[in-house]
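Here the structure comes first, spelled out in structure tokens, and everything after it is commentary.
Source: prediction; values computed, not measured.
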2 protein chains.
Amino acid sequence: MENSKGHTILIVDDEPDILEFLSYNIRKEGFKVYVASNGQEALRIVQQINPSLILLDVMMPVMDGIETCQIIRKDLHLNQPIIAFLTARTEDYAQIAGFEAGADDYINKPIRPRLLLSKIESLLRRIKTSTPKLDASILIDRDRFVVELNGESLALPKKEFELLELLASRPGKVFNRDQILAVVWGNETVVGERTIDVHIRKLREKLGDDYIRTIKGVGYTFQEK
Amino acid sequence: MENSKGHTILIVDDEPDILEFLSYNIRKEGFKVYVASNGQEALRIVQQINPSLILLDVMMPVMDGIETCQIIRKDLHLNQPIIAFLTARTEDYAQIAGFEAGADDYINKPIRPRLLLSKIESLLRRIKTSTPKLDASILIDRDRFVVELNGESLALPKKEFELLELLASRPGKVFNRDQILAVVWGNETVVGERTIDVHIRKLREKLGDDYIRTIKGVGYTFQEK
DNA sequence: ATTAATCGTTAAGAAATCATGAAGAAATGG
DNA sequence: CCATTTCTTCATGATTTCTTAACGATTAAT
């Protein structure tokens, strides 16, 4: 808890009430908080303060959250911040668009301060763990449709490759089944409940059991060792 | 990892910000890094430092990446470096032109430092393995439209030759059907789905089954044994 | 400990994709 | 123009990959 105090958090929402509510609650915990009321403004601020975490409302005038997120993710100069979307429970389409744009998490409105804060702690904890580890035991080569694992290269069938590619695109992030289906299978196709599991199993057969972890009731996550 | 530190890497991009970003990240790993902001400059530096790897932006003023690459590849005095293009995801036409010009790999912008570095490691690993092989089991002579296979020379019809030339230009890379069609047939002509297969088959009849591998659902790849 | 929910595993059938052979078009070269 | 080669198409068979479905194992909740 105490080492999180150094982090800077940017909150972006077009409703002043929410901004105030959130910033009050988060400041109270000792974080540095900045606010913006639309995407454009957010981008300006991000450039200057380089926050650790951004809470980003999806629905906003001028520039919505998805777009803002995409722009940030493309900006090479940024120390890529963790981005969590704020969504109304009804906007689940946003989840799919959102993590394609590079989101790390979702926080559903209405927001409970206690839950929010523990989520923030949990997200910030990732920063230490996910950065270094350059021994890159696994490398995914989109060109060759091949995965290099400890120097050996491994050809994967299409679906397996795409699934691994998705999971490995954000190590540590947990993808739920809907998200996986949306990206690997496409939003229209309907496949049975166990299909994903079978592909996961084949991947584990080939990679070993150490890379893909199951989070029961939630989804799967990729991690290097 | 430690023997990679001796390598010299040249980065070529016209945007100073990207140059700085890349050189910072790559230097941090212990490589010797040089930079150039256009093709002309790159050529001068290449002559002097003889780098192991060049990261080459495609879009540049004065002399673009493709042209630069071609010139380097034609220069027999150079210890041919590995060349990877930096491309925006939208410039896929560049991939086609690029590997015809002799590129070894592509790195898509926006660039993620972690992925970049592991890709660099992987590319440099090739140096040891790919250089010797004087038993050159296959040799493609673009001028004569002839392939020498284990000492015997083999005349190929145009389409077969171009197809083989494409595949062999980047051993290990998987070319999908669209890419093959674009290069061998040209982007306008429309041919049936099975046409490529037939030519592949004829090549396999003549070369043996060991050179061209099918990646189902993806494409074909050339590999020596 | 029992139950309910979720995930793992396996094998078999379905679907997608590719290989192959043959035959006719198109191109090429005399 | 004809003969030959090369290219393409099409039909059929083979193979790989994908999906399903049944059942067992694990986990979480009561």
State which residues pass salt bridge (charged side-chain N to carboxylate O under 4.0 Å, His left out) with [X]; sequence neighbours excluded, sorted by chain then number.
{"X": "A/Lys216", "result": "none"}
{"X": "B/Asp64", "result": "none"}
{"X": "B/Arg213", "result": "none"}
{"X": "A/Arg204", "result": "none"}

Review point. For nucleotides 7-17 of chain D, read 5' to 3', which letter fits each nucleotide if B means a protein heavy atom sits under 4.0 Å from the base, S means only the sugar-phosphate is that close, and - means neither?
Key: SBB-B---BSS
**Study point:** Pair listing, ring-ring contact (aromatic ring centres under 6.0 Å, His included) test, anchored in residues 186-205 of chain B, at least two apart
**Key:** B/Trp185-B/His199
Exercise for review: Please list, in 5' to 3' order, the outermost nucleotides of DNA chain C lying under 4.0 Å from any heavy atom of chain B.
Suggested key: C/dT17 to C/dG21
By side chain to side chain donor-acceptor pair (under 3.5 Å) - contacts of [X] (at least two apart):
{"X": "A/Glu193", "answer": "none"}
{"X": "B/Asn176", "answer": "none"}
{"X": "A/Lys206", "answer": "A/Glu160"}
{"X": "A/Tyr220", "answer": "A/Arg177"}

Practice item. In plain terms, say whether A/Lys158 and A/Glu162 are close enough for a salt bridge, that is, a side-chain N and a carboxylate O under 4.0 Å apart. Key: no
Exercise for review: With axes from five pairs an end, tell me the bend angle of the helix from C/dA1-D/dT30 to C/dG30-D/dC1, nearest 10°.
Suggested key: 40°
